[in-house]
Amino acid sequence: MALDSNCIFCKIIQGEIPSTKIMETERTYAFADLNPQAEVHALVVPKNHFARVSEVAQADPSLLAEIVSTAQSIANEKYNGQFRLIFNSGEDAGQTVFHCHAHVLTGQKLEGE
Ligand code: 5GP
Ligand code: ZN
C-alpha cells in the first residue's frame with residue numbers, strides 16, 4: 001500500500017494514531033473529525049496516500065467514486081441520506097493535511113453555502 005510515513009492520516013489508517021472509525025470500505029477509511037463542524041463530521045480518505053483530490057481523480061476515478069459512495073453510506077446510516085461534501089485542495093483553500101480527504105457534514109439541517 002502506498003503510504004507516507006510523515007503523514008498523520010496514513011498513521012491513522014495504519015492504527016498508529018487512534019481515531020473513531022465511522023466506516024470502512026475496501027479502499028477507503030472514514031473517521032470522525034477531531035474538530036467537528038456539524039452533528040456528524042466524518043473524514044473519508046483513500047487508504048493509499050494521495051495529496052490532493054485531483055490526484056485521486058486522475059490516478060483512479062473509481063476510487064474517487066468510492067469516496068463519494070462512502071459519504072452517501074454515512075449519511076444513510078447517520079441521517080436521512082443528505083449531506084455536504086467538501087474537498088479542500090491547497091493551502092489557500094484551507095487544506096492543512098495533505099492526504100486527500102472528503103469532509104462529510106450531515107446529521108442535521110446545515111445552514112449557509
Ligand atoms: P483540512 O483543513 O485539511 O481540509 O482538514 C483537516 C481536518 O483534519 C480538520 O478538520 C481537522 O480537524 C482534522 N484533523 C487534523 N488532525 C486530526 C487527527 O489527528 N485526528 C482526526 N480525527 N482529525 C484530525
Ligand atoms: Zn497519507
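In each ligand, atom 1 is the first atom listed, and ligand 1 is the first ligand listed. From a predicted model like this one, the values you see are computed outputs, not experimental measurements. Values below: every heavy atom of this structure, side chains too, minus hydrogens, waters and symmetry copies.
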| message | Other residues, nucleotides and ligands only: do more than 12 of their heavy atoms fall within 6.0 Å of CG on Asn80? | response | yes
| request: Tell me the residues surrounding ligand 1, counting only those with a heavy atom closer than 4.0 angstrom, sorted by chain and number. | output: Ile8, Phe9, Ile12, Phe31, Ala32, Asp33, Leu34, Asn35, Leu43, Asn88, Gly94, Gln95, Thr96, Val97, His101, His103
| Restricting to N, O or S atoms of His99, which is nearest to the Zn ion (ligand 2)? | ND1
| Between His103 and His41, how do the two ring planes meet: parallel, tilted or perpendicular, split at 30° and 60°? | tilted
| task | State whether the number of non-hydrogen atoms from other residues, nucleotides or ligands found under 6.0 Å of Glu24 atom CD is greater than 12. | result | yes
| For His49, what is the atom name of its N, O or S atom nearest to the Zn ion (ligand 2)? | ND1
| request: Could you tell me the separation between the OG1 atom of Thr96 and the NE2 atom of His101, rounded to the nearest 0.5 Å? | output: 6.0 Å
| remark: d(Glu55 CD, Asn48 CG) to nearest 0.5 Å is 12.5 Å
| said: Taking CD in Glu16 as the centre, count heavy atoms belonging to other residues, nucleotides or ligands within less than 6.0 Å. Is the count above 12? | reply: yes
| query | In terms of the angle between their ring planes, are Phe31 and Tyr29 parallel, tilted or perpendicular, with boundaries placed at 30° and 60°? | reply | parallel
